[in-house]
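The basis for the numbers below is simple: all heavy atoms, side chains too, and nothing from hydrogens, waters or symmetry mates. Bear in mind the structure is a predicted one, so any value in this text is a computation, not a measurement.
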Amino acid sequence: MSFLRRRSAATPAGPDFDVLAMDPGDWPGNLGAGLLPAPDGSCQGVFLRYDLFGGRGPAMIIGNLPEGSPARELTDDEVPFEVAQLLAALGNDEPVTVVQSEDTPVMHEGNLLIVKRIKCSESRISCAQFDRSDGVLVTIASWDRPITDDLYALLKPLPAELFQQG
């Protein structure tokens with residue numbers, strides 16, 4: 001897939017990889033973005049928070065974590081970083097664990113993605129992950145909304161200007 005690549009042009013202040021997410025203009029709610037900085041200043045991940053609940057909390061978080069990001073290092077039953085961020089944003093402090101995961105093939109623009117569907121102990125959470133061809137792990141965590149195959153058609157790289165400072 002041509003859009004799954006590292007940037008080689010002028011380096012933005014944010015990540016050195018294309019962030020795969022839904023374009024803010026395509027989403028009718030509020031968008032928030034966060035960068036995970038490493039001590040050396042490099043970007044260890046980007047997560048985007050989509051709010052459809054009118055300021056009462058996010059509906060979805062999409063994370064992009066490159067290889068080597070500490071946020072990717074989890075124990076077997078530990079929830080992904082994006083699920084933890086979603087729960088924290090919703091003010092849910094109940095312990096949540098992964099109870100099951102299953103690999104599912106999904107077609108995206110003529111390409112086959114192997115999507116890992118993660119079932120959590122909190123049944124209102126939907127979570128899916130897939131690896132991009134550049135080694136970036138994309139995780140989608142949704143609150144009270146199932147993640148359907150139609151969602152993958154909405155994913156596209158966001159412009160680098162979105163992450164530039166100034």
Side-chain angles (χ1 to χ4, degrees), residues 13-104 106 113-132 135-158 162-163 165:
D16 66 346
F17 52 88
D18 287 327
V19 175
L20 194 61
M22 288 185 291
D23 188 297
D26 295 343
W27 190 259
N30 299 324
L31 171 72
L35 300 176
L36 299 173
D40 66 0
S42 64
C43 179
Q44 293 298 305
V46 175
F47 63 95
L48 294 111
R49 174 179 150 165
Y50 298 91
D51 179 3
L52 269 183
F53 299 142
R56 295 180 313 230
M60 184 180 302
I61 292 183
I62 300 178
N64 290 253
L65 300 175
E67 291 175 329
S69 174
R72 290 175 67 156
E73 299 170 13
L74 305 172
T75 61
D76 288 340
D77 65 343
E78 188 177 4
V79 295
F81 171 80
E82 295 78 5
V83 171
Q85 289 294 310
L86 183 65
L87 292 168
L90 291 167
N92 184 337
D93 57 358
E94 296 294 321
V96 176
T97 59
V98 171
V99 295
Q100 182 182 359
S101 65
E102 168 182 27
D103 289 340
T104 308
V106 173
L113 293 177
I114 302 301
V115 174
K116 180 184 199 180
R117 298 194 187 272
I118 299 171
K119 184 176 179 182
C120 296
S121 57
E122 168 54 75
S123 63
R124 292 174 287 181
I125 294 175
S126 295
C127 184
Q129 293 182 318
F130 61 90
D131 286 310
R132 297 179 358 188
V136 173
L137 176 67
V138 176
T139 303
I140 304 167
S142 176
W143 179 257
D144 217 18
R145 289 175 159 30
I147 297 172
T148 64
D149 292 353
D150 297 341
L151 176 65
Y152 302 105
L154 300 174
L155 298 177
K156 55 186 123 183
L158 298 181
L162 187 67
F163 300 99
Q165 295 178 346

Practice item. Using the side-chain contact (heavy atoms from CB on, under 4.5 Å) rule, take Leu158 and Leu48 through it: C-alpha gap first, then chi angles, then the decisive distance, then the call. Key: CA-CA 11 Å; Leu158 298 181; Leu48 294 111; 3.6 Å; yes
Anything under 3.5 Å between a donor and an acceptor, one on a side chain of residues 86-98, the other on a protein residue two or more places apart or in another chain? List them.
unit_1: Asn92; atom_1: OD1; unit_2: Glu94; atom_2: N; d: 3.0

Gap between atom [atom2] of [Y] and atom [atom1] of [X] - 0.5 Å precision:
| X | Y | atom1 | atom2 | result |
| --- | --- | --- | --- | --- |
| Asp131 | Leu65 | CG | CG | 10.5 Å |
| Leu154 | Asp23 | CG | CG | 10.5 Å |
| Glu82 | Met60 | CD | CE | 12.5 Å |
| Asp103 | Gln129 | CG | CD | 10.0 Å |

Decide yes or no for [X] and [Y]: does some side-chain heavy atom of the first lie under 4.5 Å from some side-chain heavy atom of the second?
| X | Y | result |
| --- | --- | --- |
| Leu155 | Met22 | yes |
| Pro80 | Ile118 | yes |
| Val115 | Tyr152 | yes |

Review point. Partners of Ala84 by side-chain contact (heavy atoms from CB on, under 4.5 Å), sequence neighbours excluded?
Key: Val79
**Study point:** Sequence-distant partners of Ser123, side-chain contact (heavy atoms from CB on, under 4.5 Å), two or more places apart
**Key:** none
Practice item. May I have the step-by-step check of side-chain contact (heavy atoms from CB on, under 4.5 Å) for Thr139 and Cys127, ending in yes or no? Key: CA-CA 7 Å; Thr139 303; Cys127 184; 3.8 Å; yes
Who pairs with [X] by side-chain hydrogen bond (donor to acceptor under 3.5 Å, both in side chains), at least two apart in sequence or on another chain?
| X | answer |
| --- | --- |
| Ser121 | none |
| Gln44 | Ser42 |
| Asp76 | none |

Identify the heavy atoms of [X] and [Y] that sit nearest to each other, and give their distance.
| X | Y | answer |
| --- | --- | --- |
| Glu67 | Gly135 | CG-O, 3.3 Å |
| Tyr50 | Ala21 | OH-CB, 3.3 Å |
| Asn64 | Asp18 | OD1-O, 4.3 Å |
| Pro146 | Ser126 | CA-OG, 3.5 Å |

Study note, to complete from the structure: In short, ring-ring contact (aromatic ring centres under 6.0 Å, His included) pairs touching residues 76-104 with sequence neighbours left out are Phe47-Phe81
**Study point:** Pairs involving residues 115-128, ordered by first then second residue, that meet salt bridge (Lys or Arg N to Asp or Glu O under 4.0 Å) (sequence neighbours left out)
**Key:**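 Matches after skipping sequence neighbours: Arg117-Asp149, Glu122-Arg124.
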